Peer 1: 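Can you keep this structure in mind? I'll have questions shortly.
These numbers come from a predicted model, not from an experiment. Naming: A, B, ... by sequence-line order, numbering from 1 per chain.
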Protein chains: 2
Amino acid sequence: MYAVKAMPRPRSLTPAQLAAAALAVLDRDGLAGLTMRAVGAQLGTSTMGLYRYVADRDELEALVVERVLEPVDTHPPPDVPWADGIRDLAERVRRAVGLHPAVVPLLPAYRHRSPTILRWGEAVLAVLTGAGFTGTGRVIAFRALLGYVVGAIQMEHLGALAGPGTAVIAALPRDEFPLLAATARDAGVVVPEDEFGGGLDLLLDGLARRLDR
Amino acid sequence: MYAVKAMPRPRSLTPAQLAAAALAVLDRDGLAGLTMRAVGAQLGTSTMGLYRYVADRDELEALVVERVLEPVDTHPPPDVPWADGIRDLAERVRRAVGLHPAVVPLLPAYRHRSPTILRWGEAVLAVLTGAGFTGTGRVIAFRALLGYVVGAIQMEHLGALAGPGTAVIAALPRDEFPLLAATARDAGVVVPEDEFGGGLDLLLDGLARRLDR
DNA sequence: GTTGTAGGAGTACGTCGTACGCCTACAACG
DNA sequence: CGTTGTAGGCGTACGACGTACTCCTACAAC
């Protein structure tokens with residue numbers, strides 16, 4: 001052991017405060033408004049002061065993503081059929097993201113760096129393993145679920161069939177896109193939760209059939 | 001009719017040339033390198049000259065996305081079982097995007113503006129309709145397929161289980177994420193095509209079950 | 001030729017991320 | 001309680017971005 005000659009001045013901000021401020025900016029001004037200057041102003045500190053806490057903007061975004069996902073309960077639901085467990089886990093992520101839709105574009109890139117997402121993935125795998133999936137079958141099941149959840153959440157918030165995008169599609173030339181137009185009309189009566197859950201059920205049914213064989 | 005006093009100077013660039021140049025920049029320098037200046041330089045023209053052809057950077061990106069997707073054959077495969085038709089259509093998009101992975105982050109946002117994607121969607125709906133899907137069942141089937149295809153393609157190129165991301169996950173603390181670590185190891189022997197196709201098959205099996213009832 | 005329109009180049013502005021340097025606050029030591 | 005060294009906080013400044021605006025120029029129709 002060597003003697004410590006001096007202790008530095010203590011930090012005046014916590015990472016949690018920083019994340020909260022960045023999320024407030026994101027919710028208020030959208031992803032384009034999430035700048036170092038804006039977050040600095042939100043905290044009443046200087047722009048460059050943020051660099052005492054994060055290496056760059058990338059790290060700030062990672063902090064925001066984690067802040068949004070952190071409330072997700074990553075415990076596998078106990079005592080329910082495995083498919084219900086997966087449904088529950090998927091819906092928890094969808095709900096958390098729905099509270100802060102502006103993070104949606106960040107999710108694909110940051111999904112590996114979020115401890116919460118990793119814990120969530122571990123929980124999904126626990127349910128799949130408990131259901132009897134192993135080896136490459138489990139790999140494909142997991143990947144398919146992850147792909148669907150991420151993709152479907154993006155569809156929902158970046159103009160899904162049942163969303164603002166419906167109007168765009170409904171306005172297409174009827175003769176060139178008759179089925180898209182008809183589907184857009186049908187989509188008007190489907191609420192987002194049912195779209196998300198309905199698609200997930202298709203995947204779960206497919207998985208169930210794998211277990212039967 | 002009124003007499004035309006003068007005809008303007010003809011355009012020296014075609015939108016196709018512009019799209020090709022932008023795509024070349026994207027392939028070479030990635031999405032961050034796709035700037036108005038870089039595309040101008042690529043064409044040997046001035047930066048501002050591009051604004052004669054596109055309103056803003058957004059429109060340039062739309063041009064690139066369309067350029068990447070344009071080669072996709074959007075004719076529904078004839079004379080095959082409906083599930084094979086969907087598989088084919090999905091794989092065509094996956095292959096086209098795989099040739100230019102840097103566009104992946106743009107896909108979710110621009111999917112509504114691409115004529116090719118719209119034609120592709122119409123083809124998917126034609127296959128689904130031929131298989132017997134209608135109404136809200138068709139809405140959910142379409143949305144699920146679109147969500148899966150977009151999500152899975154992103155997983156593949158932004159660090160999927162079977163990809164560069166595998167290493168990251170394999171390096172996780174073994175005691176906290178035992179299943180993720182094991183799955184990452186199993187994923188090493190699964191090629192991306194099988195991951196994509198395997199997940200899609202799950203969805204198609206789920207859809208087939210809907211038709212049986 | 002002459003003429004009118006639109007093309008092309010260049011300049012310039014505001015905003016972004018962030019490198020860097022200055023001064024200051026404060027915990028641990030004598 | 002004074003000294004000291006580290007790190008915090010702030011401000012300035014730079015390069016790159018998107019793009020508005022101004023000039024000059026090329027060319028098709030007369």
Side-chain angles (χ1 to χ4, degrees), chain A residues 1-26 28-65 102 105-106 109-110 113, chain B residues 1-26 28-65 102 105-106 109-110 113:
Chain A
M1 290 292 287
Y2 51 88
V4 175
K5 300 285 271 180
M7 276 292 282
R9 180 177 175 173
R11 313 206 124 206
S12 58
L13 254 55
T14 65
Q17 286 176 289
L18 214 171
L23 183 54
V25 172
L26 183 70
R28 176 163 30 86
D29 303 330
L31 189 54
L34 184 67
T35 69
M36 301 303 277
R37 290 171 222 270
V39 175
Q42 176 75 26
L43 285 165
T45 178
S46 76
T47 304
M48 293 312 292
L50 301 180
Y51 286 89
R52 297 273 166 199
Y53 298 89
V54 292
D56 50 22
R57 183 177 191 239
D58 216 59
E59 211 169 295
L60 184 74
E61 290 182 350
L63 228 46
V64 174
V65 171
L106 300 178
Y110 289 92
R113 293 193 245 166
Chain B
M1 289 290 286
Y2 53 88
V4 175
K5 299 287 270 184
M7 275 292 281
R9 179 178 177 174
R11 312 207 125 206
S12 57
L13 255 54
T14 65
Q17 284 176 290
L18 214 172
L23 183 54
V25 172
L26 184 70
R28 175 162 32 85
D29 304 330
L31 188 54
L34 183 68
T35 68
M36 301 303 275
R37 290 171 223 267
V39 175
Q42 176 76 24
L43 285 165
T45 178
S46 76
T47 304
M48 294 313 293
L50 301 180
Y51 287 88
R52 296 271 168 203
Y53 299 89
V54 292
D56 50 23
R57 184 178 187 233
D58 216 58
E59 211 169 294
L60 183 73
E61 291 182 350
L63 228 46
V64 175
V65 171
L106 299 178
Y110 289 92
R113 293 193 244 167

Peer 1: Whole angstroms only, please: what is the CG-C1' distance between B:L50 and C:dG7?
Peer 2: 13 Å

Peer 1: Using the side-chain hydrogen bond (donor to acceptor under 3.5 Å, both in side chains) criterion, which residues pair with B:R37? Sequence neighbours excluded.
Peer 2: none

Peer 1: Restricting to salt bridge (Lys or Arg N to Asp or Glu O under 4.0 Å), what partner residues turn up for B:D29, sequence neighbours left out?
Peer 2: none

Peer 1: What is the distance, to the nearest angstrom, from the CG atom on A:L13 to the P atom on D:dA7?
Peer 2: 18 Å

Peer 1: Which letters describe nucleotides 15-25 of chain D, given B = protein heavy atom under 4.0 Å from base, S = only from sugar-phosphate, - = neither?
Peer 2: --BBBBB---B

Peer 1: Just the rounded figure in Å: distance from C1' of C:dT15 to CG of A:D29.
Peer 2: 14 Å

Peer 1: With sequence neighbours excluded, what pairs up with B:D56 under the side-chain hydrogen bond (donor to acceptor under 3.5 Å, both in side chains) test?
Peer 2: none

Peer 1: Holding to side-chain contact (heavy atoms from CB on, under 4.5 Å), I want the full list of residues that pass it with B:A16, two or more places apart in sequence or in another chain.
Peer 2: B:T14, B:R67

Peer 1: Please name the pair of heavy atoms, one in B:A22 and one in B:L60, separated by the smallest distance, quoted to 0.1 Å.
Peer 2: CB-CD1, 4.1 Å

Peer 1: Side chains of residues 44-54 of chain A: which donor-acceptor partners sit under 3.5 Å, not counting sequence neighbours?
Peer 2:
unit_1, atom_1, unit_2, atom_2, d
A:S46, OG, A:G49, N, 3.1
A:Y53, OH, A:S12, N, 3.3
A:Y53, OH, A:L13, N, 3.0

Peer 1: Name all residues meeting the side-chain hydrogen bond (donor to acceptor under 3.5 Å, both in side chains) criterion together with A:Q42; count only those two or more places apart in sequence or in a different chain, and write none if there are none.
Peer 2: A:R28

Peer 1: Considering residues at least two apart in sequence or located in another chain, which fulfil the side-chain contact (heavy atoms from CB on, under 4.5 Å) criterion with A:A102?
Peer 2: A:L26

Peer 1: Dot-bracket for DNA chain D: what is it, with Watson-Crick or G-U pairs under 3.5 Å, [ ] where a pair crosses earlier ones, and | for a pair to another strand?
Peer 2: ||||||||||||||||||||||||||||||

